[in-house]
Amino acid sequence: MTDAILETVTLGGSTSIHQHQRPEPDLLDRFRHLPSANIADAMGRLGAVDARIKPVWDGASVVGAAFTVWTRPGDNRGIHEALALVAPGDVIVINGGGDESRALIGELIGGKARLRGVAGFVIDGAVRDATGLREYQMPVFARSITPAGPYKDGPHALLSRIAVGGVVVTPGDVVVGDEDGVVIVPLEHAETIAAAAERKQAAEQRTRDQIEADLPAVDPGVRAR
């Protein structure tokens, strides 16, 4: 883990200082080579967020350190403030209360996040401008898409422990999202989980190789996926 980093926390009208750590770059690189399913298996089938939180454009994937935002449903003031504090490679993870009536981000926030080096977003809520987010190549995982825009009044909390899609997220946790969904890896166990997921991936690859070798004998016209 990298050295502790001080960040600002805003809850309601109060401000304080919160300390958290981020995963080392080489650890994140290991997770980039692992599918979310293998990671969830390595955690005893825990850590996967609600299946309704999924990529808003085909091919989106993300790996990074969680920067958490807890906001009132339908309000994105805290997200704008988070953009001033994130570090390159962070994934902005947002507890929006699961509200689907108003989009918490769109293409403009996605573009600004790209300029800040944000790796992506995981949002327990709605978004809009899916085409623009894809054009900016900003990976976004959300509960739904709606054209309705947000309010900007608060309150919110930055860098607090939150729940997203039924999973607890602590600032600095490893976030992995792909076509299957999103998993959250607690930072304190990330090394152990990465090693277990790598073993799972290797075992599945051996099985897949055997299937590929045997399949033509069963049906020469069928290819394994």
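Computed over heavy atoms, backbone and side chain alike; hydrogens, waters and symmetry mates excluded.
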How long is the straight-line distance from [atom2] of [Y] back to [atom1] of [X], given to the nearest 0.5 Å?
| X | Y | atom1 | atom2 | answer |
| --- | --- | --- | --- | --- |
| L108 | H80 | CG | NE2 | 9.0 Å |
| F141 | D124 | CZ | CG | 14.5 Å |
| L187 | E24 | CG | CD | 9.5 Å |
| R102 | T146 | CZ | OG1 | 8.0 Å |
| M138 | I92 | CE | CD1 | 8.0 Å |
| R199 | N38 | CZ | CG | 12.0 Å |

Is the closest side-chain heavy-atom distance between [X] and [Y] below 4.5 Å?
| X | Y | value |
| --- | --- | --- |
| L104 | I79 | yes |
| L133 | F121 | no |
| N76 | I105 | no |
| V91 | V118 | no |
| R72 | H156 | no |
| V49 | I184 | yes |
| I123 | V140 | yes |
| L159 | H20 | yes |

Give the minimum heavy-atom separation between [X] and [Y], together with the two atoms involved.
| X | Y | answer |
| --- | --- | --- |
| A42 | A197 | CB-N, 3.5 Å |
| T68 | P171 | OG1-CG, 3.6 Å |
| A142 | G125 | CB-O, 3.6 Å |
| W70 | S160 | CE3-OG, 4.0 Å |
| D173 | P186 | OD1-CA, 3.5 Å |
| P23 | A65 | CD-CB, 3.5 Å |

For [X], what residues pass the side-chain hydrogen bond (donor to acceptor under 3.5 Å, both in side chains) criterion, not counting sequence neighbours?
| X | answer |
| --- | --- |
| D209 | Q205 |
| D180 | none |
| D153 | none |

Apart from V185 itself, residues in the same hydrophobic cluster as defined by side-chain heavy atoms under 4.5 Å: L27, L28, F31, L34, I39, M43, V63, V174, V176, V183, I193
Where the side chain of [X] meets the backbone of [Y], is there a donor-acceptor pair that is under 3.5 Å apart?
| X | Y | result |
| --- | --- | --- |
| R116 | L83 | yes |
| D129 | E107 | yes |
| R77 | K152 | no |
| R114 | Y136 | yes |
| N95 | A163 | yes |

R161 and V168: CA distance, side-chain angles, deciding distance, side chain to side chain contact (heavy atoms under 4.5 Å, CB included) verdict: CA-CA 7 Å; R161 183 173 293 169; V168 173; 3.6 Å; yes
Return each pair, listed once, that meets salt bridge (Lys or Arg N to Asp or Glu O under 4.0 Å) where at least one residue sits in residues 52-63; pairs must be two or more places apart or across chains.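 Counting only pairs at least two positions apart or across chains, the salt bridge (Lys or Arg N to Asp or Glu O under 4.0 Å) contacts touching residues 52-63 are R52-E100.
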What I want to find out is whether [X] reaches [Y] closely enough, with some N-O distance under 4.0 Å, to be called a salt bridge.
| X | Y | value |
| --- | --- | --- |
| D26 | R30 | no |
| R143 | D50 | yes |
| R208 | E204 | no |

Take S61 and D178, measure what side chain to side chain donor-acceptor pair (under 3.5 Å) needs, and give me the verdict at the end. CA-CA 4 Å; S61 64; D178 58 24; over 6 Å; no
Sorted by chain and residue number, the side-chain contact (heavy atoms from CB on, under 4.5 Å) partners of T131 (sequence neighbours excluded) come out as R134, E135
